[in-house]
S.K.: 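Before I ask anything, let me first share the structure, which is written out below as structure tokens.
FYI, the numbering just counts along the sequence from 1. For ligands, and for the atoms within them, numbers begin at 1 and follow the listed sequence.
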Amino acid sequence: MTTEPIPVVLDVDTGVDDACALLLAALHPAVDLRAVSCVGGNAPVDDVVRNTLLVLETAGRADVPVARGAERPLLEPPLHARHVHGEDGLGDLGWPAAETTPDPRHAVELLRDVCRAAAGESRPVTLVPLAPLTNIALLLRTHPDVAAGISEIVFMGGAAHVGNATASAEFNIFHDPEAAAITLDAAADLGIPVTMYGLDVFYQPVVGKAEAAELVAVGGRGPAELGGRLMDFQRQRLGGEVATIGDAGAVCAVIDRGVLRTETLPLRVELAGTWSRGRTIVDRRDWSGAIKHDPHGEAPVRVDVALGVDGERYARLWVDTLLGRVGTR
Ligand code: BDR
Ligand code: CA
């Protein structure tokens, strides 16, 4: 018996680790990558579009439509993360630019059309946002009918316990907290299940120096070499013996959910706060107990929060896919 590949759409701010996610989604046979939407985040949106096209073309997937989306958060000016992802947002590798051009539609229109088509085929997509949630908030509020074409949202962002952009907040949520709050609220309204693949698991799937060298050695400016070079860049930039595949872990979660430990928990996004704006407040208290005195009440939105993962297995899945050991497309 053969299993149908899972229709997937990525929303990215490519980004070194978004590139890792794109490579996996583009190549793994269990994924049917339908489209990629771009948003400003790690880099300005035009750099994100350029980087995304480059990665997909390197993976031999210039057929996947890529569209430019929001260039700034809903409320605040954009932030960028060149200190993490390099001046070009993709590790300053000097990789040749893609020849393909973006889809002429705005990212929100591309997402709308792909989700509506998926609903029409009765093959709803798994939506995987790996970036600030600006495009997704706009999509769900502007075109709520797309819910019929979305089976679930698995997003990289937030955390139960830690921050990275600030002591409290993870970058994707901190960059556009309003968009994150709107996305969660709209998903709950529309009955779309949500999994939060946050910083509690993000750093666990890692690639060491030897595995990166094995990927680079494949050469030919193909996807394995690109993946290996991105890992080398990240290791050197951030220091340490290993590099995380980062956003690619959320794609692993779509392919291999069994080793991701989640709990369904109430979740709010902090929109105010002097030091805590953008924090995802995961409520781990037992609401059947005596906490009805809490003046805020239980958060109306419940999300499957990733709290543990077999990082070694996800890293192996990523490396094996890039090395062509899992029957790539
Ligand atoms: C997230 O922010 C970006 O740096 C990464 O691409 C990831 O999506 C981690 O906080
Ligand atoms: Ca990202």
S.K.: At less than 4.0 angstrom from any non-hydrogen atom of Asn164, what atoms of ligand 1 do you find?
M.R.: 9 (C), 10 (O)
S.K.: Hey, is Asn42 touching ligand 1 through its side chain, its backbone, both or neither, going by heavy atoms under 4.0 Å?
M.R.: side chain
S.K.: If the test is side chain to side chain contact (heavy atoms under 4.5 Å, CB included), which one of Ile173, Ile182, Ile281 qualifies with Val269?
M.R.: Ile173
S.K.: Determine whether the side chain, the backbone, both or neither of Val84 has a heavy atom under 4.0 Å from any heavy atom of ligand 1.
M.R.: neither
S.K.: Describe, in one word, how the ring planes of His175 and His80 are oriented to each other, choosing from parallel (under 30°), tilted (30 to 60°) and perpendicular (over 60°).
M.R.: tilted
S.K.: Salt bridge or not for Asp185 and Arg141, using N-O below 4.0 Å?
M.R.: yes
S.K.: What is the name of the N/O/S atom in Asp247 that sits closest to the Ca ion (ligand 2)?
M.R.: OD2
S.K.: Who's closest to atom 2 (O) of ligand 1 heavy-atom-wise, of Asn172, Asp17, Asp247?
M.R.: Asn172
S.K.: Is the distance between the Ca ion (ligand 2) and the nearest N/O/S atom of Val12 smaller than 3.0 Å?
M.R.: no
S.K.: Counting only N and O atoms by type, is there a donor-acceptor contact under 3.5 Å from the side chain of Ser37 to the main-chain atoms of Gly69?
M.R.: no
S.K.: Check the hydrophobic clustering (I, L, V, M, F, W, Y; side-chain heavy atoms under 4.5 Å; chains of links allowed) and say if Leu110 and Ile150 are grouped together.
M.R.: yes
S.K.: Suppose I only count heavy atoms of Asp18 and a 4.0 Å limit; which atoms of ligand 1 are within that range?
M.R.: 6 (O)
S.K.: Under 4.0 Å, heavy-atom basis, I'd like to know which part of Leu130 is in contact with ligand 1: side chain, backbone, both or neither.
M.R.: backbone
S.K.: Salt bridge or not for Arg261 and Asp200, using N-O below 4.0 Å?
M.R.: no
S.K.: Name of the Asp13 N, O or S atom nearest the Ca ion (ligand 2)?
M.R.: OD1
S.K.: Looking only at protein heavy atoms, which one is nearest to atom 9 (C) of ligand 1, and what is the separation?
M.R.: Glu170 OE2, 3.1 Å
S.K.: Have a look at Val66 and tell me which of Val55, Val12, Leu53 forms a side chain to side chain contact (heavy atoms under 4.5 Å, CB included) with it.
M.R.: Leu53
S.K.: Hey, is the Ca ion (ligand 2) within less than 3.0 Å of some N/O/S atom on Asp17?
M.R.: no
S.K.: Salt-bridge test for Arg50 and Asp47: reply yes if a basic N is under 4.0 Å from a carboxylate O, no otherwise.
M.R.: yes
